[in-house]
Amino acid sequence: IQRFEALTPTDEQIGFTLRLLFALVWSGLLALLADTIGSIYHLDITAIWALRSLSLEPLISALGTIPGVRLTRALRIGRLAWIEFAALVSGQLVAIGLALTGVDLWSLVVGALTTSAVGSILVNVVSQWRPKLKLSVKSSKALLRFGLMYQAQGLFHLAKDNIVPMLGGLTFSSTQVGYVTWSQEIARWPRLPADYVARVGFPAFSRLQNDPVGLGRLLHDALTVVCLLSFSAVAIGMTFGPRLVRLVFPLWEPAIPTLLIFLVQTPLDAVLAVLLPLIYAIGQAGRGLRLSIVWAALTWLFSLIALAAWRDVRAMALAFGLATLCTAGLVRHSLPKAIRVQWSSAIGKPLILALALGIILQAMVMRLE
């Protein structure tokens, strides 16, 4: 996706072969380590076999990687959106159908595998690409030089985002971990605009990697849209979120303080979701990977320190926020000087508008109450 030059059929075939090999390794490791993971987190035999079954998902997804890349490079995001929507609906229908017949955990497993399978089939049909195995040392080196660093960031983000079940599961009760996990997931909703913009932005930024002026304008517009939507969503969430939880999910009321802390750091998370793909798009994969490593390391470090100082679930939420704040400063400093953005306009104005919106909403709600 990042390469400015056109991809040849050989590049695509080699890319597919490499992706399939990595999926085989990852699936094999997950299947082999299922017992160990189960013993660490006290999972029963059913959950362990469910984990083994889910290890098939990387292999299924690998079949749709190159067709997805072809559509993404061509910025045919609409077609990808419909494919993913159809895959998601198919998986959900299967999961719900099995659950209604009395299938418990396995309904989720089969639903997830169905989503991946339908997505891979549809993207191959739409892209009109057929898998073919091929390897070349020279081409593999060229693809892996950037590809490994780009894909490695996902592992560090995965390690960062899963601190709550991994570290919290060893520190708190399952109920407390559930509160934090639920809060973290709900707080991510205002970041959705950033995720969508980042997905479109990476191939778009890549097409402009040799045009710093145009890249700066595109980045400014992307940040403005993301900040307007995400900041406003956070203001709305902080106003109505606690009240809705007490009304609709009263049993989850202990999670409200953690939810508010996660919501506060969501705007920074949204900005980073746009800036990090830009660094990769201009070919600085090494710098992008280092920033991802630092972000994950800071989150783990701050979480350990926070839990040692304050054995409370809110400590983990505060650690996430502090690590995100530090990483945002580092990423901002890492952007090339040739790419100029009016930060006060792109971020400052939406922030002021969101604060004003939050104050108005709070005043209205308090008056009604």
Side-chain angles (χ1 to χ4, degrees), residues 15-69 80 82-127 129-131 133 147-148 151-170 173-175 177-178 180-182 184-185 188 195:
F16 168 71
T17 304
L18 293 173
R19 175 70 175 84
L20 187 62
L21 289 174
F22 282 121
L24 283 169
V25 172
W26 178 247
S27 297
L29 284 175
L30 186 57
L32 290 173
L33 294 175
D35 283 325
T36 303
I37 296 172
S39 63
I40 293 175
Y41 291 98
H42 309 292
L43 303 178
D44 58 30
I45 189 64
T46 301
I48 292 174
W49 275 104
L51 183 60
R52 284 200 180 97
S53 299
L54 287 172
S55 67
L56 295 173
E57 196 278 334
L59 289 172
I60 298 172
S61 297
L63 299 175
T65 299
I66 297 302
V69 165
L80 282 172
W82 279 111
I83 289 170
E84 292 180 5
F85 176 75
L88 179 62
V89 170
S90 300
Q92 293 295 318
L93 289 176
V94 169
I96 293 171
L98 289 175
L100 291 175
T101 62
V103 180
D104 296 326
L105 176 62
W106 286 100
S107 64
L108 299 176
V109 174
V110 176
L113 294 177
T114 300
T115 299
S116 297
V118 172
S120 292
I121 292 171
L122 290 178
V123 77
N124 274 279
V125 171
V126 172
S127 182
W129 186 82
R130 297 296 177 266
L133 299 178
L148 279 179
Q151 294 297 336
Q153 67 162 331
L155 296 177
F156 289 101
H157 289 174
L158 184 67
K160 170 182 69 70
D161 294 336
N162 285 278
I163 288 179
V164 173
M166 294 170 67
L167 184 59
L170 300 175
S173 67
S174 57
T175 300
V177 172
V180 182
T181 303
W182 181 81
Q184 188 179 28
E185 291 301 318
R188 281 177 179 159
D195 293 334

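The model shown is predicted, which means the values in this text are computed figures rather than measured ones.
Taking all atoms of both residues into account, the shortest heavy-atom contact from Val123 to Gly68 is CG2-N, 3.7 Å. Val109 and Ala50 make their closest contact through CG2-CB, 3.7 Å (heavy atoms, listed as atom of the first residue, atom of the second, distance). When all heavy atoms of Gly15 and Ile66 are compared, the pair lying nearest together is C-CD1, 4.0 Å.
At distances below 3.5 Å, at least one donor-acceptor pair connects side-chain atoms of Ser39 with backbone N or O atoms of Thr36. Proximity of a side-chain donor or acceptor of Ser127 to a complementary backbone N or O of Asn124 within less than 3.5 Å is not detected.
Remark: Glu57 engages Ser61, Leu113, Ser116 in a side chain to side chain contact (heavy atoms under 4.5 Å, CB included) (not counting sequence neighbours). Scanning for side chain to side chain contact (heavy atoms under 4.5 Å, CB included) contacts around Ala87 gives Thr115, Val118, with sequence neighbours left out. Every residue two or more places apart in sequence or in another chain that forms a side chain to side chain contact (heavy atoms under 4.5 Å, CB included) with Trp49 is listed here: Ile45, Arg52, Trp106. Contacts of Leu100 classified as side chain to side chain contact (heavy atoms under 4.5 Å, CB included), with partners at least two apart in sequence or in another chain: Ile96.
The CG atom of Leu88 lies 13.5 Å from the CD1 atom of Ile83; values are rounded to the nearest 0.5 Å. If you take CG on Leu133 and OG1 on Thr17, they are separated by 4.5 Å, rounding to the nearest 0.5 Å. Atoms CG and CG, on Leu105 and Leu98 in that order, are 11.5 Å from each other to the nearest 0.5 Å. For the atom pair Ser90 OG and Leu122 CG, the distance stands at 7.0 Å (nearest 0.5 Å).
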Side chains of residues 19-31: which donor-acceptor partners sit under 3.5 Å, not counting sequence neighbours?
unit_1, atom_1, unit_2, atom_2, d
Arg19, NE, Thr65, OG1, 3.2
Ser27, OG, Ala23, O, 2.9
Ser27, OG, Ser55, O, 2.6

Just distance, no hydrogens or angles: give the donor-acceptor pairs under 3.5 Å from side chains in residues 156-165, sequence neighbours left out.
unit_1, atom_1, unit_2, atom_2, d
His157, NE2, Ser292, OG, 3.1
Asn162, ND2, Leu158, O, 2.8

